Amino acid sequence: MIKLQQYYVFKLTTSRIEEFEFNIKGLTVSQARLNGELVQIGDNQVFRLIRKLKNTEIDFKLLNKTFKERDDLKKLPSSEENSIKIIDKQKIIDDMLFVPDIINVKVDDKKVYKKIYKEGFSVNGITFKRFCSGAGQSRQSVASFCNVDIIDELTRRLNCGLNIKEINVAKYNAYFGLYMSATYPVRQPRVCVIPDYEDEELVKKVDWIDDVVVDGKDKRIVYEKDDFIFKPNMWDGQGLISPSFAEQWQDDLKLDYLPSQFVVRSSFVKGALAVFDFHKFAKEKAKTNKIKDIYGDEWDIGSVDVILSASQFKMNKFYSSWEQFLQLQEHHSLTWGVTKVNPKTDNEVSLLNYQYIQSLNLDKEKIHQLISPTIDWIDKICSGDKLYTLLFLLGSSKKSDTIEAIFNKTNNNHVKAILYNDKLLDDPFIKKKIYDNISTKIDEAKIGRIWANGNYQFMISDPYGQAQFAFGMKVTGLLNEFEHYSHFWNERKVNKVDALRSPLVDFHEHNMLNLINDEKTNEWFKYQPSGIIYNVWGVDTIRHSDSDYDGDIVFTTNNEIVMDNIIPNLNVITYDKASAKPQRLNPTTILATDLRSFNSKIGTITNYSTTFISMLANFKEDSDEYKEILNRIKLLRRYIGDSIDQAKGIKTKPFPTEWKKRKFVDKNDSDEIKQQKYYHNRLVANKKPYFMIYIYEKLRVEYREHRSKTDRTCKEKFGCNLHQLMNKQDKTKEESYYLYSYYRDMPVIKNDSVMNMLCKMIEEIDFNYKRIKNDENVNEMFDVLYDYEIGVDEEKLNKLIKLRSKFNNKRSFKFKSDAIDNTLGDSSNELINEFYKSIRTEAYEICSNMKELANHLIYITYKLYPKDTKDFAWHIAIEGILEILESKSDMNIELPMRDKDGEDYLGQKYSLRSVVV
């Protein structure tokens, strides 16, 4: 696939802007890197239009030439002159890729946000005003601000001829925010927009959530409803693309395969396109070459590349015709782009998650069977198995792969180092990287990241039925209710799978699919080798948490433990969906919508499901408590919907505070009142289950502090540690109460829920795993890495030793600072990499030759300071290290390759084979 160019923008917090009195001066790209205030964003419609407005199109030949010149300079003998040239080249690159006209703002203070929304703020002499905050941004409390010199013209063009007075503001924000989506540019298709099909009235049995008044009080209830009239939008968010035009987009994207689905973006256009031969369908089935669009215009099907549904063309009612829209789009220099396509090959195995597992009916034996393949996989890598380690780090290779292809395949330079010399598997830094990765996998396994057969694929609604509707035919589709299609599973002769979509809240969301494999489906769905095709007659979208077909993905598996332990025959859960009302579109309503949308509570509400499901283990299935918890889990489906609706300005019922807060039991309460309060308190979901300490670091610290404090007090009071007291046979009344208090005050739920049992099982496994000492094997590794012919220069050595101190101090601060993750909302890895880039620039100022720099840093970290971590050398001078290793390598490289007689690894067989280069 073509490379999507990444650009840099500043990302500041509202508190940082306020701290500098709304006028930040002299902030450079390099300083922003050090501060963790520079983020990468893929090229998008906004960036392309800014470049056009400012007549600053990127000269990619010059950019690539500058990258090459910079890298070539690093290979030359070190000199002050070369160092200056490298800095100059890096500045040229930064100047080309930095977008000074957009700043992303992370809102950590809503009062400050109100002020900058109304008055703006300045950075480096440029005044910025609020530009957009799309759905993905607002969930992360982020808004994009734009240079006031271009914001009006930029907004005018992006509105594509519209001057909207009234619309639901949250929807407008979401639609306009799509312009910031990273997109691969593709040629413009010839489009026919057809209506949405919402005419079918399907009678279904559901669990219905309703708001009623009982004894004068509002109450939300769930009851079974036999006659729910379901009127689905059968192809919500989905369109069709012809195979011939899909091939043209394949060429635009430089793919070596024809995708089955494209997720597209254009001016107020969003959704997925399934590849389907509607030209053949028109000729053979519809017997017509005409098709009519939503505006009543008739099109010759031969001149149509893409059929869009009205739900994909978000502002369709504001235009009089597609032709008008096209003219305005061209006039405003707006284009088409693809955000995502399906992979060339779908995975054989993928990772489950705790939501999928906790909703299964599992005992300890079944949990053991479920986790066994993952445990075996981890154990092999921990034991130093070379085949497993290389597959874990690199994946498999082919006989036809060139060394260049193999090296291009991985962005991991540490893997490249191992390929040059596999003795580095004993290097303390490399071992630490491997062990850090695998320890992460162990912790992930504790939260349900368990390998199982299956994969994630796009959800597709029967495209044959959509073609029928497009040409005015009676809609039947190729699939009846309870029938589905998957080329992937059909190839493996699997006719039944469980389909799951995140976030999965309730037990009913496991969706058993019956897969059809016949001549007709294989003929008409032949361009869908990837994707799960749904029939249009069922309630699958409701079961999948109100999904649609605009690019949603679903996980399917034939894992026997999963399939055999689903709770069967559960109704789907639904309720009366409120419509978002239009509002006046003006600065006041936009600000109000932003503030409502920030800090989405969806994740918090979803976590209540996990807590309630864990609490079920405390009660018998026929108890009132068990039944009430099941009821609350069902109601969460509505509360999650309310959280989404709230941002749209829809009035919703607040989340029940009585589910979160305990009641104080007064000694003077009557016995009846006490029993009511005890019952209430048993159902309070004010703790997360134990396994979640591996998700939330703060929770892990709280749990460990609680256990440690209780253990110390236990030794003082009873003369034994906590573990010994737990195992004591004849406990006194005081000892028993002490243990009761320990569990009562514990910040987590520690019971035998499915996920807690799974977590405990993995905790108890003694993996062949150990922490690495920084000075382990340093002498042997020094000989592998150091180039004695290059040697070291004392003056440069001393300067680099000083830089080492700066690196260690700054790096330590950055790793300890929660601000990286929690305040800025980006991965700490991305921001740390920007910090490394800044230190690397300083290093090249001292020593401009990459091999010479690497030699000095190897000398510092392996000889002068062997007890240091080796990060200073490996992160700052990795390019030079690879150059040294390449020059010393015999280039006889062993790689894992598919081999039917080889060893099993995650569902495939492999062996190591030598590749002599």
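Since the structure is predicted, the reported quantities are computational estimates derived from the model, not experimental observations.
A salt bridge is defined here as a Lys NZ or Arg NE, NH1 or NH2 lying under 4.0 Å from an Asp or Glu carboxylate O, and Asp427 with Lys870 fails to meet this definition. Residues Asp94 and Lys837 are not paired through a salt bridge, judged by the lack of any N-O separation under 4.0 Å between the basic side chain and the carboxylate. Salt bridge Asp443/Lys446: present, at least one basic N to carboxylate O contact under 4.0 Å. Classification of Lys806 and Glu842 as a salt-bridged pair holds, one side-chain N sitting under 4.0 Å from a carboxylate O. Asp899 and Lys909 are not joined by a salt bridge, as no carboxylate oxygen comes within less than 4.0 angstrom of a charged side-chain nitrogen. Taking a cutoff of 4.0 Å between a charged side-chain nitrogen and a carboxylate oxygen, Asp711 and Lys715 qualify as a salt bridge. The residues Glu716 and Arg712 are annotated as not salt-bridged, no charged nitrogen and carboxylate oxygen being separated by less than 4.0 angstrom.
Checked against a 6.0 Å centroid threshold, the rings of Tyr354 and Phe691 count as neighbours. In this structure, His875 has its ring center under 6.0 Å from that of Phe429. Tyr905 has its ring centre no less than 6.0 Å from the ring centre of Phe392.
Side chain of Lys433 to main chain of Val415: no donor-acceptor pair is present (N/O by atom type, distance under 3.5 Å, no hydrogens or angles). The backbone N or O of Ser614 sits nowhere less than 3.5 Å from a side-chain atom of Asn756 that would complete a donor-acceptor pair. Between the side chain of Asn727 and the main chain of His723, a donor-acceptor pair closer than 3.5 Å is present. Checking side-chain atoms of Ser708 against main-chain N and O of Glu705 turns up no donor-acceptor pair under 3.5 Å. In this structure a side-chain-to-backbone donor-acceptor pair under 3.5 Å is present from Asp385 to Tyr388. Distance alone, capped at 3.5 Å, is enough to place a donor-acceptor pair between the Asn124 side chain and the Leu27 backbone. Between the side chain of Asn855 and the backbone N or O of Asp787 there is at least one donor-acceptor pair closer than 3.5 Å.
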inquiry  = The test is side-chain contact (heavy atoms from CB on, under 4.5 Å); show your working for Trp874 and Asp871 and say whether it passes.
reply    = CA-CA 5 Å; Trp874 281 91; Asp871 296 53; 6.0 Å; no

message = Run the side-chain hydrogen bond (donor to acceptor under 3.5 Å, both in side chains) test on Tyr696 and Glu702 for me, step by step, so that the C-alpha distance in whole Å, both residues' side-chain angles and the decisive distance to 0.1 Å come before the verdict.
response = CA-CA 10 Å; Tyr696 301 103; Glu702 288 176 3; over 6 Å; no

task = Verify side-chain contact (heavy atoms from CB on, under 4.5 Å) between Leu857 and Ile881, making sure each step is shown before the conclusion.
result = CA-CA 9 Å; Leu857 300 195; Ile881 289 174; over 6 Å; no

request  = Starting from the C-alpha separation in whole Å, work towards a yes-or-no answer on side-chain contact (heavy atoms from CB on, under 4.5 Å) for Leu419 and Leu394.
outcome  = CA-CA 10 Å; Leu419 293 178; Leu394 180 66; 4.1 Å; yes

task = Could you check Leu882 against Glu886 for side-chain contact (heavy atoms from CB on, under 4.5 Å), going step by step and ending with a plain yes or no?
result = CA-CA 6 Å; Leu882 291 176; Glu886 182 180 10; over 6 Å; no

inquiry  = Under the criterion side-chain hydrogen bond (donor to acceptor under 3.5 Å, both in side chains), I'd like the reasoning laid out for Asp108 against Thr14: C-alpha separation, chi angles, the key distance, then a yes or no.
reply    = CA-CA 6 Å; Asp108 56 6; Thr14 48; 2.3 Å; yes

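Separation of atoms CE (Met96) and CD (Gln5) is listed at 9.0 Å; rounding is to 0.5 Å. Atom CG in Asp71 sits 10.5 Å away from atom CD in Glu69 (nearest 0.5 Å). With values rounded to the nearest 0.5 angstrom, Lys851 atom NZ is found 10.0 Å from Leu885 atom CG. Distance NE2/His856 to CG/Asn798: 9.5 Å, rounded to 0.5 Å. Rounded to the nearest 0.5 angstrom, Thr389 OG1 and Ile430 CD1 are separated by 12.0 Å. In this structure, CD1 in Ile846 is found 5.0 Å from CG in Leu803, a value given to the nearest 0.5 Å.
Of all the heavy atoms in Tyr862 and Val778, the pair that sits closest is CD2-O, 3.8 Å. Nearest heavy atoms, Phe10 versus Thr28: CE2-O, 3.9 Å. Across all their heavy atoms, Ala854 and Ala877 have their closest contact at CA-CB, 3.6 Å. Closest approach of Lys441 and Ile378 over heavy atoms only: O-CD1, 4.3 Å. The two residues Tyr743 and Lys687 have their closest heavy-atom pair at O-NZ, 3.7 Å. The shortest heavy-atom contact between Thr710 and Tyr738 is O-OH, 2.6 Å.
Applying the 6.0 Å contact sphere to NZ of Lys698 captures no more than 12 heavy atoms from other residues, nucleotides or ligands. More than 12 heavy atoms of other residues, nucleotides or ligands sit less than 6.0 Å from atom NZ of Lys888. Applying the 6.0 Å contact sphere to OH of Tyr859 captures no more than 12 heavy atoms from other residues, nucleotides or ligands. Crowding of Lys386 atom NZ: a count of heavy atoms from other residues, nucleotides or ligands under 6.0 Å exceeding 12.
Taking the side chain as every heavy atom from C-beta outward, Leu73 and Ser848 never approach each other to under 4.5 Å. Side chains of Tyr690 and Met746 form no contact here, defined as non-hydrogen atoms less than 4.5 Å apart. A heavy-atom distance below 4.5 Å is found between the side chains of Gln31 and Leu34. No side-chain heavy atom of Ile103 sits under 4.5 Å from any side-chain heavy atom of Val9. Inter-residue side-chain proximity for Leu722 and Leu739 is flagged as met; some heavy-atom pair is nearer than 4.5 Å. Using a 4.5 Å heavy-atom cutoff, the side chains of Arg70 and Gln90 are in contact. The closest side-chain heavy-atom distance from Asp72 to Leu76 is not below 4.5 Å. At a threshold of 4.5 Å between non-hydrogen side-chain atoms, the residues Trp451 and Leu351 count as touching.
Aromatic ring orientation, Phe782 versus Tyr786: parallel (interplanar angle below 30°, classes split at 30° and 60°).
Tested against Tyr742 for a side chain to side chain donor-acceptor pair (under 3.5 Å), the candidates Lys750, Lys709, His706, Arg707 yield a single pass: Arg707.
Cation-pi check for Arg16 over Phe20 is met; the charged atom lies under 6.0 angstrom from the ring centroid and within 45 degrees of its normal.
Between Asp109 and Ser15, the side chains place no donor N or O within less than 3.5 Å of an acceptor N or O (distance only, hydrogens not considered).
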